[in-house]
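What follows is a set of notes on a single structure, which appears directly below.
Everything quoted here is computed from the prediction, not taken from an experiment.
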Amino acid sequence: MNSIVLLFVFLKSLILYPQLVGDSWDEETRFRMEVRAKELEWERIQQELEVEKLTPKQVQLLQLLAAAVLVFLISVLWLIGCKRSMRREGHEEEDNAANEEEVGNVAADEEDNIENELVNEAANAENNDFAWAVYEGGNDLDDNTGRIIMEHIQWPVQELQAGCEWSKNLMDNFALYFGHVLANSFYPGLQRAIGVGSAFEGWSPREQDIVYQVLIPMTPPQGHSFHLELDSAEERHVRNFRVRVQLECTCTKEQQAEGMLCFLHHPEEELRSNQDPSLLDTLCTDSYLDVQKTARWFYQLVRAIWPALPQSHNWHLKLLPSTRSCQFQVTSRRESFRIEMFFGVRRGDSDIFVSSQPREAHTQSTAWPETYAVAELKFFQYIARQAPHDTLHLRCLQFFSCLLLGIGFSTYTMKTIVMHLLNTIPVSQWSRRHFLRRLIDISESLRLSLEVKHLYHFIVGNQRLPEEISLPQDVQMAEPLNLFHRLAMDPVAHSQGMEEYLDLQRRLEAVLKPDD
């Protein structure tokens, strides 16, 4: 039995043997070769299991086929040895013969070369035919293995696409009324919402209580401008900004014709009597836009506009508590959706924003962390356009997210690992027949990242992103952020992370273990 498996693995490795990349291998190449070694071990185990299921006749046929291949290879090697010996004898005679004999030997050598080429071509053709037959059989085996594994996994039943479409329609209706209500005010202008996060990327870590997150870009009102200031006092691994609000002169004929007074050049008494307060007097703290004040304003705005929306006739709105966003739940007789509205300011014309979404437990009310949610969403959309219909990269991410329940690793950690692998492994190699290999890749990537205490952020400092993702220069050229910086600083946290990985590995093996 083992001889058959070893022959199969040997031939398959010859076909799929990786190309050499030179002596100066980079870290990514070494990493992928180590992952490949794990893949081969899993393949050997799966092939042994398949061979054990064969009938005696099938085993006998495979043994005969293995013996025939070995005899054929030995015959080819013997024939090549004989031809080499004949060439050596020809060279000895050539040294002792006259010029006429030398010409004859050259002709004989040419005949031998032609004969050798024909023999080699025939041997290569037969070997290639057999190799491709084994390779195709391997694909069938991998596909069957992937199918069995997927049948063992309890996949959550989710209607993400329907929920995303409903949420988008609701946000579009909100946007229309936002425009009317805020048209001539000195509150921030609200642009069309952008769906972000796991649900809009096509996966979700939870079957119940899925949260549909949207980011609403804000623009400064008339007579104001926004200026983003990076908080250099923060730690290296955090990029927090502050949004400084500055008053601008509006002493132009057009603005005066609209009845607007200039906050800079008109007397305060006249401003208080004839014009609404500026943004500095409503949503700011010390000239900086305040997240918590903005969140309370959002709640009031949503509560006031909801009765005018068409959805209010058949859905019930319940506002949920939050200090840095606007969360609410809408419920009908049959369905329920939970939506979280973040708000932010775009960095130039890029896909990077500073937003109200916190990245740490205690974030100051004037701190606006840099968010990469829109850039990550565009990366998943880019992959979806390139991927065949049977691509399972989202299934892999969904599987590990469910596997993490009760374990300390965040879903963002697994998402980062999957994004790195998607940027390295061709999307065509994420189908069902590659399902087992990709699960091993993800697990091994996590293990190696834990061992070296480094998991680089996928967006910051990544210069291999698709061209359609636009980054500010400082984000693109920045030193990559280490998501495992805490493990590098705290040995106890690192030991705990390794123990949690072993728990995750045991869960993975329990799911992948075939039935006895």
Requested in this report: Applying ring pair (Phe, Tyr, Trp, His ring centres under 6.0 Å), name anything that partners Phe343, two or more places apart in sequence or on another chain.
Outcome: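 Partners of Phe343 by the ring pair (Phe, Tyr, Trp, His ring centres under 6.0 Å) criterion, ordered by chain and then number, come out as Phe298.
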
Report task. Only counting residues at least two apart or in another chain, list the ones meeting side-chain hydrogen bond (donor to acceptor under 3.5 Å, both in side chains) with Lys318. Result ->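 Lys318: no side-chain hydrogen bond (donor to acceptor under 3.5 Å, both in side chains) contacts found.
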
Requested in this report: With sequence neighbours left out, write down each residue that passes side-chain hydrogen bond (donor to acceptor under 3.5 Å, both in side chains) with Thr411, or none if nothing qualifies.
Outcome: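 If we apply the side-chain hydrogen bond (donor to acceptor under 3.5 Å, both in side chains) test to Thr411, skipping adjacent residues, there are no hits.
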
Query raised in the report: Under 6.0 Å between ring centres, would you say that holds for Trp315 and Phe337?
Result: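 When the ring centroids of Trp315 and Phe337 are compared, they turn out to be within the sub-6.0 Å range.
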
Query raised in the report: Do His224 and Phe226 have ring centroids that are under 6.0 Å from one another?
Result: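 Not under 6.0 Å, so no.
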
**Report entry** Stepwise side-chain hydrogen bond (donor to acceptor under 3.5 Å, both in side chains) test for Thr413 and Ser410
**Finding:** CA-CA 5 Å; Thr413 294; Ser410 67; 3.0 Å; yes

Report task. State, to 0.1 Å, how close Leu280 and Val245 come at their nearest heavy-atom pair, and which atoms those are. Result ->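 Shortest heavy-atom separation between Leu280 and Val245 comes out as CD2-O, 3.5 Å.
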
Query - Shortest non-hydrogen separation from Cys396 to Phe435 and the atoms involved - result: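 It is SG-CE1, 3.7 Å.
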
[X] side chain to [Y] side chain, donor-acceptor N/O pair below 3.5 angstrom:
X: Gln222; Y: Thr250; answer: no
X: Ser443; Y: Tyr501; answer: yes
X: Glu376; Y: Tyr412; answer: yes

**Report entry** Pair Thr219-Gln191, side-chain hydrogen bond (donor to acceptor under 3.5 Å, both in side chains): steps then yes or no
**Finding:** CA-CA 8 Å; Thr219 57; Gln191 299 180 349; 4.7 Å; no

Query raised in the report: When you look at Glu248 and Ser225, which way does the side-chain hydrogen bond (donor to acceptor under 3.5 Å, both in side chains) test go after all the steps?
Result: CA-CA 7 Å; Glu248 301 292 338; Ser225 60; 2.6 Å; yes

Any chance you could measure [X], atom [atom1], to [Y], atom [atom2], to the nearest 0.5 Å?
X: Gln275; Y: Met260; atom1: CD; atom2: CE; answer: 5.5 Å
X: Ile442; Y: Ile417; atom1: CD1; atom2: CD1; answer: 8.0 Å
X: Tyr187; Y: Leu182; atom1: OH; atom2: CG; answer: 9.5 Å

Report task. Please determine if Asp286 and Arg242 form a salt bridge, counting it only when a charged side-chain N lies under 4.0 Å from a carboxylate O. Result ->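 Salt bridge flag = no for Arg242 with Asp286.
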
Query raised in the report: Quick one: do Glu509 and Arg506 make a salt bridge, cutoff under 4.0 Å?
Result: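 Salt bridge between Glu509 and Arg506, a charged N being under 4.0 Å from a carboxylate O: no.
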
Query - Test log, rule side chain to side chain contact (heavy atoms under 4.5 Å, CB included), inputs Phe379 and Asn423 - result: CA-CA 9 Å; Phe379 176 75; Asn423 212 31; 3.9 Å; yes

Report task. May I ask you to decide if the ring planes of Phe174 and Phe178 are parallel, tilted or perpendicular, using 30° and 60° as cut-offs? Result ->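 The arrangement is parallel - the two ring planes meet at less than 30°.
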
Query raised in the report: Which residues pass the side-chain contact (heavy atoms from CB on, under 4.5 Å) test with Glu270, sequence neighbours left out?
Result: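 With neighbours one apart ignored, the set is Leu261, His266, Pro267, Asn274.
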
Report task. Would you please name every residue forming a side-chain contact (heavy atoms from CB on, under 4.5 Å) with Glu467, sequence neighbours left out? Result ->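 Counting only residues at least two positions away or on another chain, Glu467 forms no side-chain contact (heavy atoms from CB on, under 4.5 Å).
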
Query raised in the report: Taking everything shown except Arg192 itself, do over 12 heavy atoms lie less than 6.0 Å from its CZ?
Result: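 No, not enclosed.
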
Requested in this report: Could you name each residue pair satisfying salt bridge (Lys or Arg N to Asp or Glu O under 4.0 Å) that touches residues 322-331, not counting sequence neighbours?
Outcome: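 Those involving residues 322-331 do not exist here.
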
Query raised in the report: For the side chain of Lys293 and the backbone of Cys284, is there at least one donor-acceptor N/O pair under 3.5 Å apart?
Result: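 Such a contact is found between Lys293 side chain and Cys284 backbone.
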
